[in-house]
Amino acid sequence: MEEISNFIKTIMQKDLETGRVSEIVTRFPPEPNAYLHIGHARALVTNFELAKHFNGRTNLRFDDTNPAKEDVEFVEAIIKDIEWLGYKPDKILFGSDYFEESYQYAVKLIKKGLAYVCDLSQEEIREYRGTLTEPGRNSPYRNRSVEENLELFENMRNGVYKEGEKVLRAKIDMSHPNLNMRDPVIYRIMYVEHHRQGTKWCIFPMYDFAHPLQDAIEGITHSLCSLEYENHRILYDWFIEHCETPHVPQQIEFGRLNITNTIMSKRYLRQLVEKGLVEGYDDPRMPTLIGLRRRGYTPEAIKNFILATGLSRINSTVESDMLEHFLREDLKLKAKRLMAVIEPLKVIITNYPEDEVEYLDAVNNVENPELGTRKVAFSRNLYIDRNDFVLQKPNKHYKRLALGIEVRLFNAYFIKAYDVKYDSEGNIEAVLCTYDPETKSGSGFNARKPNGTIHFVEATTARPATFNLFEPLIYDSEVDKDNFIERLNPNSWIQKAGYIENAQERFEEPEKFQFIREGYFTVDKTSTDEQLVFNRIVPLKSSVK
Ligand code: ATP
Ligand code: MG
């Protein structure tokens with residue numbers, strides 16, 4: 001596996017050396033309001049790998065302090081995704097479990113004269129805040145006494161007021177150049193049921209207040225977050241300082257990951273699902289970890305991709321080719337190489353005995369003998385891919401079958417086409433060929449050179465299979481326009497009905513294969529023994545065609 005290497009590792013190394021921290025503790029803090037996608041994997045892998053590198057620990061903490069839109073379904077899915085990637089959180093925690101502690105910290109701020117209950121409406125607060133060029137104005141409620149604030153805040157907790165009637169604000173500086181410091185709201189009233197706390201609470205802490213406290217309570221040493229929190233760091237540090245937490249975590253920002261031709265915004269993904277434009281969050285075209293898993297992506301490929309793309313302080317866009325590269329690298333030696341025909345065309349070997357099937361020796365992966373050998377059936381009736389035959393060889397670069405042309409069949413014989421049969425509609429139904437018994441399994445590879453090598457399956461033993469072939473849901477050039485939904489790629493999921501050699505009795509998830517000349521495939525969740533279904537994970541880079 002790739003080694004983790006980035007600017008955060010350097011900071012951690014130094015903090016250990018200077019004794020600022022004695023161990024590295026990180027956390028991954030998803031909001032349980034969506035499925036994780038490949039962008040989240042950057043934060044996830046980074047947090048877990050950094051801690052692992054320093055023999056530290058990583059908590060999974062559900063950031064569930066915003067009660068309106070969270071769901072247990074997502075909690076379970078996220079736990080499973082992390083496990084699938086091969087990581088084990090030191091603890092699984094919920095931000096909402098700290099509601100009592102953060103309430104007490106808020107009381108502490110009030111007592112220190114650093115927080116007050118404010119009756120301004122949301123709009124008024126915004127209006128009073130000022131702008132980047134103009135200072136804000138103090139709220140008329142800013143100078144309430146500690147006693148009054150304590151009483152009002154307790155009333156807020158006890159459900160005395162309506163939603164929006166009062167908020168608790170930190171008392172910082174209404175003319176601070178950073179707008180986040182202009183007396184930010186830290187508690188608001190909401191009469192909603194929380195997915196873990198039920199109706200116990202009707203006041204909820206804001207993210208900027210809750211997050212640093214959660215980090216401090218858990219003893220997180222380095223709190224990694226994406227770039228959009230950069231100008232919230234000053235507030236993060238202010239809360240840590242004034243709440244006098246026992247631990248002092250450090251917030252460090254990193255750039256978000258974008259991938260070309262890959263939609264990652266939660267909003268877009270939700271639209272795709274809600275409008276029924278994809279099968280669900282596990283649709284094999286989705287960039288969600290469950291989608292990628294169903295498609296056949298491996299944890300190793302994803303992790304190596306994340307580690308290789310590195311981490312910087314700016315957002316970055318990486319070519320989707322790069323992810324595909326790591327997939328091929330990972331699957332190259334792991335996957336058996338079998339033969340499957342995706343668009344079948346019959347081939348009849350007219351000089352081969354009728355009613356006879358022979359079994360030829362084949363190795364499962366020429367680069368990895370550990371994957372063993374198998375027998376490949378051969379008879380008078382075969383299928384080849386429709387794209388591997390034309391009537392007339394068009395030019396010298398064409399390395400497939402044509403009338404009067406000889407090709408080699410993988411693991412089998414040389415065959416030469418001499419005629420075709422048409423169906424009633426005038427389409428080519430079968431290609432008539434002869435074979436040369438002297439060329440078995442490439443043996444007796446005589447002086448004559450075939451016009452390329454193609455794959456095939458024996459027709460009577462082949463198993464019918466559906467092949468799902470994918471392209472991006474949408475190309476980048478089409479995304480940033482209105483109604484991106486109308487611009488979805490109509491070819492993003494094509495199904496083909498073909499055959500696979502009967503190489504093993506059962507084909508089951510999550511086994512991966514290389515289908516020779518067609519790409520890497522895995523078994524889809526809809527596959528049955530009677531009707532096999534395969535997803536193409538990724539095509540082969542260099543097609544033999
Ligand atoms: P939202 O802000 O809408 O909730 P989010 O993508 O930030 O969306 P979270 O559940 O908060 O969702 O994300 C968990 C962690 O994953 C956060 O630390 C976030 O910064 C990180 N993350 C999410 N998307 C990316 C991305 N594309 N690249 C890097 N990190 C990401
Ligand atoms: Mg977020």
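Order of listing sets the numbers, starting from 1, for every ligand and every atom in it.
- Atoms of ligand 1 lying under 4.0 Å from any heavy atom of Pro30, numbered from 1 in the order shown and given with element: 10 (O), 14 (C).
- Ionic pairing of Asp330 and Lys334 is present here: one or more N-O contacts between side-chain nitrogen and carboxylate oxygen are shorter than 4.0 angstrom.
- The heavy atom nearest to atom 23 (C) of ligand 1, out of those in Met264, His37, His40, Arg42, is found in His40.
- At under 3.5 Å, a nitrogen or oxygen of Ser226, whether backbone or side chain, sits near a nitrogen or oxygen of ligand 1.
- Remark: ligand 1 and Asn33 share no N or O pair separated by less than 3.5 Å (distance only, no angle test).
- Cation-pi geometry between Arg196 and Phe94 is met: under 6.0 angstrom from the ring centre, within 45 degrees of the axis.
- Residue-ligand proximity: Arg267 is placed with every non-hydrogen atom at 4.0 Å or more from ligand 1.
- Side chain to side chain, Tyr475 and Thr260 fail the donor-acceptor criterion of an N or O pair below 3.5 Å.
- Some N or O of Arg256 is nearer than 3.5 Å to an N or O of ligand 1, by distance alone.
- Interface atoms of ligand 1 facing Phe254, defined by a heavy-atom separation under 4.0 Å, are 29 (C), 30 (N).
- Close contacts between ligand 1 and Leu257 involve ligand atoms 26 (C), 27 (N), 28 (N), 29 (C) [criterion: under 4.0 Å to a heavy atom].
- Pairs passing the side chain to side chain donor-acceptor pair (under 3.5 Å) check and including a residue from residues 303-318, sequence neighbours excluded, read Arg42-Ser316.
- Ring pair Tyr103/Phe153: centre-to-centre distance below 6.0 Å.
- Any N or O atom pair closer than 3.5 Å counts here, and Phe28 shares no such pair with ligand 1.
- Using a 4.0 Å cut-off between charged side-chain N and carboxylate O, Asp81 and Arg293 make a salt bridge.
- In terms of polar-atom proximity, defined here as any N/O pair under 3.5 Å, Glu228 makes no such contact with ligand 1.
- Residues forming a side-chain contact (heavy atoms from CB on, under 4.5 Å) with Ala51 (at least two apart in sequence, or on another chain): Thr26, Thr58.
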